[in-house]
Amino acid sequence: MDKDIDIVIIGSGAGGGACASALAPLVAQGLKVAVLEWGPEFRDAEFTGRELEMAERLYFDGGGVLTKDKSMTLAFCKAYGGSTVVYTGTTLPIAVDTVERWGVPGLQHGDLILRSRKYALQNNVHALEGHLINENNRLFERGCKRLGWCVEQFPLNLKGCQGSGLCNLGCPNAAKQGTHRVQLPAARRAGVEVVTRCRVSSIDVRTRRISARVEACDGVGLPSAWAPGEYRIRADAVIVAAGAVNSPAILLRSGLGAALPALGGYFTCHPALILAGVHGRKISNYHGHPKSFFCDEFAARKRFLLETCMYFPFTTAKNLAGFGQEHESMMADFSKLQMILALALDDALRDNRVSLGRDGEPIVDYRLTEATLFSLVESMRAAARVMFAAGAASVHAPAGRDFSIPRSTEISLDDLINARYFKQGKVSISAAHLMGGCRMGKDASDSVTDSWGQVHGFPWLFVADASLFPKCAEINPYLTIMAMADRVAEAVAARHSEIKKVNNLAYA
């Protein structure tokens with residue numbers, strides 16, 4: 001089946017959703033704008049909060065995508081709204097120092113901040129009300145302050161939060177203001193077509209035709225706007241916003257690897273570990289928003305962040321190193337657990353990359369450097385100190401010498417949490433924020449796009465998601481993705497007439 005659409009956006013997450021809303025006014029001018037989303041659109045009642053059920057519904061491979069060497073887990077979403085459906089709502093603007101380190105010609109921090117403010121306002125970003133901050137978060141705040149470390153409250157994109165604690169499984173109360181609640185509905189009202197269950201395989205860069213397949217409804221979620229089947233979609237302009245794994249994969253399957261040697265490379269992900277501390281009493285941890293505070297005390301010197309977190313029983317069990325009685329005992333104390341997420345600020349390396357397997361599916365080849373390993377070890381020591389300062393009786397560090405470190409041995413933390421105990425395959429590492437693979441830069445020698453997201457050498461082809469980041473964001477990237485996408489949408493809108501004219505000449 002053939003379709004003819006002026007502007008096609010592939011992906012509906014932070015990048016795709018922002019592009020859809022920003023380009024929606026063009027529909028009133030007679031242009032056809034469509035969003036193609038691989039995943040389904042779920043009904044509100046289908047966000048059940050049941051961990052394994054929702055993981056299978058929302059995440060690629062149930063949240064268990066592994067890197068090539070199987071040492072790290074990648075979690076990213078496949079649904080209307082993309083990963084904005086499952087992230088915790090943390091909405092921070094990017095730091096000026098980070099943008100300066102990126103060193104992208106034409107990209108200014110002030111411009112990103114102005115665009116970020118627009119989306120923060122749209123998505124009702126604010127500090128969480130005090131009664132919704134649970135004890136797990138307060139203990140983190142208390143521990144940091146007792147140590148004299150900076151601790152700040154996350155701004156969150158919420159409206160009507162009821163403290164269910166199910167953010168990572170899709171909010172059952174429609175409180176999280178992701179693109180599925182804000183930008184996509186607004187774009188639809190303006191006439192943008194959103195096509196769910198539509199998997200894009202590749203783009204023919206000679207004819208500008210997109211190859212895609214729409215799947216039939218499987219009984220969960222709404223049916224697609226298009227009938228099931230294979231599609232060829234001709235477009236004047238294409239915006240790829242399928243995420244840091246799938247955007248590079250689409251462009252690689254489209255044959256752009258030879259022209260763009262950096263394509264797929266420089267993948268970063270803020271490798272993360274979960275630490276758990278056991279208190280001598282029950283604490284409020286599961287209910288209430290799971291991520292209210294962060295500490296960037298060591299971001300510049302030791303390249304890591306600490307954030308509050310609280311995960312569900314299966315995810316917690318998976319992230320505790322070891323097996324047997326000690327593991328079982330800690331899980332039995334679930335109601336007494338305090339949790340901290342430790343994130344390393346990793347370097348962007350050419351060989352950490354997204355490539356294609358023989359079947360054309362993406363493979364993420366990522367190896368920890370000595371610098372990242374150092375950051376992870378230091379972050380575990382710091383997280384343990386926060387928990388002990390907050391009153392924890394013992395701490396489980398994934399790379400600790402022993403399964404549990406009692407409070408009485410706090411002075412020996414540097415010996416008990418050490419790089420020699422960090423054994424990949426034993427330590428459960430997760431990728432917190434997937435970035436890179438279509439990095440911005442000056443030219444095609446070491447980047448994929450310019451500072452406006454246009455792919456080098458292809459004036460009609462753009463990228464608008466975290467794969468644009470030339471280095472890691474050094475903070476939760478959601479708001480920066482939307483700001484970047486807003487720039488891309490502005491470029492597409494400004495250049496569309498010229499793109500269409502050039503395309504018509506090419507077809508003639």
Presence of salt bridge, K78 and D61, under 4.0 angstrom
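Salt bridge: no.
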Applying salt bridge (charged side-chain N to carboxylate O under 4.0 Å, His left out), which residue pairs with at least one partner in residues 153-170 are found, sequence neighbours left out?
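Salt bridge (charged side-chain N to carboxylate O under 4.0 Å, His left out) check on residues 153-170 returns no pairs.
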What pairs of residues pass the side-chain hydrogen bond (donor to acceptor under 3.5 Å, both in side chains) test when at least one of them lies in residues 144-155, not counting sequence neighbours?
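For residues 144-155: E141-K145.
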Which pairs with one or both residues in residues 285-296 pass side-chain hydrogen bond (donor to acceptor under 3.5 Å, both in side chains), sequence neighbours excluded?
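For residues 285-296, and leaving out neighbouring residues, the side-chain hydrogen bond (donor to acceptor under 3.5 Å, both in side chains) pairs sorted by first residue read K291-E307.
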Set of residues satisfying salt bridge (Lys or Arg N to Asp or Glu O under 4.0 Å) with respect to D111, sequence neighbours excluded:
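For D111 the salt bridge (Lys or Arg N to Asp or Glu O under 4.0 Å) partners, ignoring immediate neighbours, are R115, R487.
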Contact list for residues 87-119, test ring pair (Phe, Tyr, Trp, His ring centres under 6.0 Å), sequence neighbours left out
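For residues 87-119: Y87-Y478, W102-F469.
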Going by side-chain contact (heavy atoms from CB on, under 4.5 Å), name the residues that satisfy it together with L222, two or more places apart in sequence or in a different chain.
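side-chain contact (heavy atoms from CB on, under 4.5 Å) list for L222, sorted by chain: E41, R43.
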Go through the structure and list residues passing side-chain contact (heavy atoms from CB on, under 4.5 Å) with A75, not counting sequence neighbours.
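Y59.
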What pair of heavy atoms forms the shortest contact from Q122 to V182, and how long is it?
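Scanning both residues completely, I find the closest heavy atoms to be O-CG1, 3.8 Å.
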Under 3.5 Å, which donor-acceptor pairs link side chains of residues 374-382 to any protein atom two or more places apart or in another chain?
residue : atom : partner : partner atom : Å
S375    : OG   : K302    : O            : 2.9
S375    : OG   : R303    : O            : 3.3
S375    : OG   : A371    : O            : 3.2
E378    : OE1  : K302    : NZ           : 3.0
E378    : OE2  : R381    : NH1          : 2.9
S379    : OG   : S375    : O            : 3.4
S379    : OG   : L376    : O            : 2.7
R381    : NE   : I417    : O            : 2.8
R381    : NH2  : D414    : O            : 2.9
R381    : NH2  : I417    : O            : 3.0

For the residue pair T90 / N476, report whether a side-chain donor-acceptor contact shorter than 3.5 Å exists.
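Present: a donor and an acceptor within the cut-off.
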Which residues pass the ring-ring contact (aromatic ring centres under 6.0 Å, His included) test with [X], not counting sequence neighbours?
X: F304; result: F298
X: H270; result: H433
X: F76; result: F60
X: F294; result: F154

L23 and side-chain contact (heavy atoms from CB on, under 4.5 Å): which partner among I239, D6, V488, L31?
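Exactly one pass, corresponding to I239.
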Using modelled atom types only, decide if a donor and an acceptor are shared between the side chain of T67 and the backbone of D365 within a distance under 3.5 Å.
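A pair under 3.5 Å: no.
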